[in-house]
Amino acid sequence: MPIKTPAVPFQGTAEQENKLLTVIGEYKEREGSLLRILQEAQEIYGYLPIEVQRLISEELNIPLEKIYGVTTFYSQFSLNPKGKYRISVCLGTACYVKGSGEVFEKLQDKLGIKGGEITSDGKFSLDDCRCIGACGLAPVLTINEDVYGRLTGGELDEILAKYN
Amino acid sequence: MVNIKIDGVAVQVEEGTTILEAARQNGIRIPTLCYLKELNEIGACRICVVEIKGGRSLFAACVYPISKMDEGREIFTHSKAVIESRRTTLQLLLSTHNQNCLSCDRSGTCEFQALCKDLGVTDSYKYLGEIRDQTYDTSSCSVVRDNSKCINCRRCVAACSVNQSVGVIGANNRGFKTEIGCAFDMDLAQSACVSCGQCIAVCPTGALTEKDDTDKVWAALADPTKTVVVQAAPSVRASLGEAFGFPIGTPVEGKLATSLRMLGFNAVFDTNFGADLTIMEEATELLDRVTNGGVLPMVTSCSPGWIRFAEAYYPDLLPHLSSCKSPQQMQGAVIKTYWANKTGVDPKNIVSVSVMPCTAKKFEIGRLDQSAAGKDLPDLDISITTRELAKMIHKAGIRFADLNDSVFDSPMGNGTGAAVIFGATGGVMEAALRTAVWKLTGQSPDSPVQFTEVRGVDGVKFAEYKVGDLTVKVAVASGLANARKLLDKVRAKELDVQFIEIMACPGGCVNGGGQVIQPADVRNFTDLRAERAKALYSLDSANKLRKSHDNPEVLQAYSEFLGGAPGSHKAHEILHTTYRPSKVIK
């Protein structure tokens with residue numbers, strides 16, 4: 001299997017790397033600081049691609065696989081960057097029973113990506129989330145700060161067309 | 001001491017003993033699955049659960065240390081609740097398990113299968129549901145990973161990270177999607193896997209197996225145009241018998257030679273010859289480095305897992321590695337040159353096979369700079385493990401236990417006691433010292449043979465010997481995590497020794513990743529390394545020849561072909577190799 005990489009190439013800057021190295025330097029000697037470093041790294045880069053994980057692995061002398069295991073265990077970590085427009089479909093109980101699962105699947109098909117991934121043009125990323133407190137509008141999705149409710153699935157093309 | 005009752009019997013156990021051990025000491029076998037003593041003590045699989053009177057739930061016996069608090073407690077190891085719980089656990093594991101058991105490599109030696117039988121799992125499809133995504137990775141030339149048979153016990157992960165400090169496989173994702181794999185789902189071949197096969201040796205199921213090369217051997221044996229020769233490593237004779245019902249540590253040298261001949265090999269050689277040759281070259285190289293200011297400490301180079309590790313993790317220390325090929329490769333090189341010459345067989349028509357306790361040898365045969373007979377004529381063509389040989393013997397219907405003993409073929413059929421101990425950690429060091437000390441002290445036949453300080457299963461060993469005016473300081477490590485301890489010191493220039501032996505597998509080749517698999521139930525209570533090493537040391541002391549330089553066939557090879565003496569130009573051409581840093585993803 002080829003190494004899993006996001007559809008959008010890594011565009012880390014020297015500035016980001018220096019920031020990360022400073023963070024690592026700060027926590028390096030403290031035991032059990034991997035999680036903290038990963039959180040900070042995600043703050044810096046927005047996600048944790050192989051380039052970033054390898055840097056952390058080398059600096060901390062921890063096998064890459066161990067770091068990968070941690071980043072795939074916790075849902076707070078993302079291996080993919082977020083798109084210009086971040087789509088988030090609520091899969092909380094109320095939305096789910098109203099059919100948000102199908103909406104989520106339709107979006108995966110339309111965008112040609114899976115949950116957690118990003119389209120190759122960097123425009124859309126797709127995630128699921130739990131209750132956002134708009135159960136009265138179920139099923140609900142958000143795109144950046146915009147909220148769309150009472151979805152049937154038929155309006156998705158129209159919604160996506162608004163974003164360029 | 002704490003007084004408890006196990007299954008109604010009053011017993012006294014030392015504080016800190018686990019319930020599992022306490023039961024064992026009193027004749028009760030509590031089944032386990034994920035537990036490996038001192039390696040994987042995570043209490044995760046819940047197979048070893050027991051009932052404690054008054055306890056609210058069942059307890060994992062493998063990680064429950066008995067303390068003063070348990071005084072007077074009653075433990076039940078096979079109550080109805082216990083058995084039902086174990087059976088349900090097995091059935092849940094079966095719900096995502098590839099039950100293609102009849103064609104599985106581990107059929108008959110699978111711990112999961114044995115547990116299902118022992119606990120009376122009559123309905124193996126009781127719980128049906130979603131099947132996980134299941135990786136099947138055949139990218140490595142040594143190890144095959146089939147996650148459809150994986151039960152996520154993490155024994156392999158522990159072997160890889162704790163014993164070997166390599167850690168290229170681990171648990172990825174979470175919950176139902178948890179899967180053992182490499183970082184970013186890369187193939188094993190892309191990772192820094194050193195091919196040691198320790199993961200296979202501890203896998204309870206068929207999820208990890210060696211890349212089976214026996215078909216290639218059968219095809220060669222069936223080809224009348226080929227001369228198929230075989231060599232068997234020292235350690236194979238210390239473990240092969242286990243596949244045919246012999247107790248662990250039974251040396252089966254004579255039956256090994258007979259069985260290879262019965263399989264149809266045209267010539268049956270002993271890698272002990274190659275081991276003696278290695279000592280001749282390596283001892284010469286060491287003395288040369290010591291007297292001429294070469295790079296010290298010198299490190300042995302017999303273990304291909306170790307070489308791969310060095311090239312990935314310690315590229316800066318490669319000049320410390322002996323340039324000697326491994327015994328397998330030396331012998332392979334000599335077969336396609338010296339022996340081919342001697343017998344008039346065209347090396348192009350030779351298929352050279354080795355039987356090794358090792359999965360990394362499959363990788364080694366494809367290394368660069370290992371083809372003494374010329375381009376496209378690799379020193380070795382096929383390398384199979386002890387397990388694969390056992391399979392071939394079974395397939396051929398050879399009743400191994402009934403075989404008569406025979407000897408290996410000349411001119412590569414004789415090894416000294418020094419060669420046979422190569423298979424145990426410290427063995428190469430001891431063998432090298434026998435020859436080096438002999439050389440340094442006037443070449444007397446009475447020079448010492450015993451260097452017992454370097455024997456034993458300790459992960460790191462040090463010794464110091466006074467040889468004439470010289471003090472020889474040596475270190476030995478087995479298991480790559482232990483090797484790291486020495487190498488970090490070498491890197492920091494804090495280790496004052498001249499010679500280091502490193503074996504990738506804990507305990508050396510006797511515990512290699514290609515040896516007959518012993519279930520955890522045996523591994524947890526028997527030291528395989530020590531038992532198998534005993535077989536080799538018994539062969540050593542029974543041998544009239546104890547030092548490599550006394551091997552008449554080796555001396556003959558030098559005078560007829562290898563430039564007269566160890567370290568000659570010709571010997572360098574045929575028997576030495578080179579290393580290069582690797583850029584694998586660690």
Side-chain angles (χ1 to χ4, degrees), chain A residues 1-10 12 24 31-32 34-35 37-38 41-42 45 47-81 91 101 105 108 113-118 127-130, chain B residues 132-140 145-147 152 154 156-194 199 309 312-315 480-481 484-485 487-488 491 583-586:
Chain A
M1 215 188 284
I3 292 173
K4 219 196 245 172
T5 48
V8 178
F10 179 62
I24 294 173
E31 202 158 325
L34 176 61
L35 264 185
I37 290 170
L38 289 171
Q42 180 150 299
Y45 290 92
Y47 70 120
L48 297 172
I50 189 168
E51 292 83 355
V52 173
Q53 293 198 28
R54 281 189 78 170
L55 181 67
I56 297 172
S57 158
E58 276 159 29
E59 290 297 316
L60 294 182
N61 218 353
I62 294 176
L64 181 65
E65 160 48 35
K66 193 162 187 180
I67 295 173
Y68 182 74
V70 172
T71 56
T72 55
F73 183 85
Y74 292 106
S75 58
Q76 61 173 298
F77 296 122
S78 175
L79 301 186
N80 287 291
L91 294 182
E105 278 188 18
Q108 295 194 61
I113 56 172
K114 286 191 192 133
E117 292 180 352
I118 181 170
D127 286 290
D128 59 83
C129 65
R130 294 302 173 265
Chain B
R132 286 181 283 140
D133 195 20
Q134 294 168 326
T135 305
Y136 183 59
D137 182 354
T138 57
S139 63
S140 154
R145 294 196 320 111
D146 181 357
N147 272 358
N152 281 347
R154 293 163 170 74
C156 57
V157 176
C160 190
S161 52
V162 179
N163 278 348
Q164 303 299 61
S165 73
V166 172
V168 291
I169 47 172
N172 297 332
N173 301 312
R174 180 175 190 160
F176 185 73
K177 289 185 179 152
T178 305
E179 199 189 26
I180 304 301
C182 300
F184 292 85
D185 298 342
M186 74 177 82
D187 288 333
L188 207 49
Q190 289 171 282
S191 76
C193 169
V194 298
C199 54
F309 182 78
Y313 293 89
Y314 293 90
L480 293 171
R484 256 188 212 275
K485 294 176 194 164
L487 295 163
D488 286 341
R491 190 176 259 171
K583 292 204 168 66
V584 290
I585 303 173
K586 299 191 278 279

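Sequence lines set the chain letters: A, B, ... in the order given, protein chains first and strands last, and positions in each chain run from 1. All heavy atoms count here, side chains included; hydrogens, waters and symmetry mates do not.
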Next on the checklist: Quick test of your reading: applying salt bridge (Lys or Arg N to Asp or Glu O under 4.0 Å), list the pairs with at least one residue in residues 156-184 of chain B, sequence neighbours left out, ordered by first then second residue.
Outcome noted: none
Next on the checklist: Could you tell me if the side chain of A/Ile3 sits less than 4.5 Å from the side chain of B/Asp185, heavy atoms only?
Outcome noted: no
Next on the checklist: Are the side chains of B/Lys586 and A/Ile62 in contact, using a 4.5 Å heavy-atom criterion?
Outcome noted: no
Checklist entry - Between the main-chain N or O of B/Gly167 and the side-chain N or O of A/Glu65, is there a donor-acceptor pair closer than 3.5 Å? => result no
Checklist entry - How would you list all residue pairs meeting side chain to side chain donor-acceptor pair (under 3.5 Å) that involve residues 160-170 of chain B, not counting sequence neighbours? => result B/Ser165-B/Arg484
Checklist entry - Shortest non-hydrogen contact from B/Phe184 to A/Ile50? => result CZ-CA, 3.4 Å
Checklist outcome for this item: Here the pair of heavy atoms bringing A/Thr72 nearest to B/Asn173 is OG1-N, 2.8 Å
Item to check | Closest-packed option against chain B by number of heavy-atom pairs under 4.5 Å, given A/Glu58, A/Lys66, A/Arg54 | outcome: A/Arg54
Checklist entry - For the candidates B/Ser139, B/Gly181, B/Gly175, which exhibits the highest count of non-hydrogen atom pairs separated by less than 4.5 Å from chain A? => result B/Gly181
Next on the checklist: As a quick check of understanding, evaluate side-chain contact (heavy atoms from CB on, under 4.5 Å) for A/Tyr68 and B/Asn172, giving each step before the final call.
Outcome noted: CA-CA 7 Å; A/Tyr68 182 74; B/Asn172 297 332; 3.3 Å; yes
Checklist entry - Side chain, backbone, both or neither: which part of B/Ile169 has a non-hydrogen atom closer than 4.5 Å to chain A? => result backbone
Checklist entry - Which answer fits B/Val166, side chain, backbone, both or neither, if we ask what part of it has an atom under 4.5 Å from a heavy atom of chain A? => result backbone
Next on the checklist: Could you check whether atom CZ of A/Phe10 has more than 12 heavy atoms from other residues, nucleotides or ligands sitting under 6.0 Å from it?
Outcome noted: yes
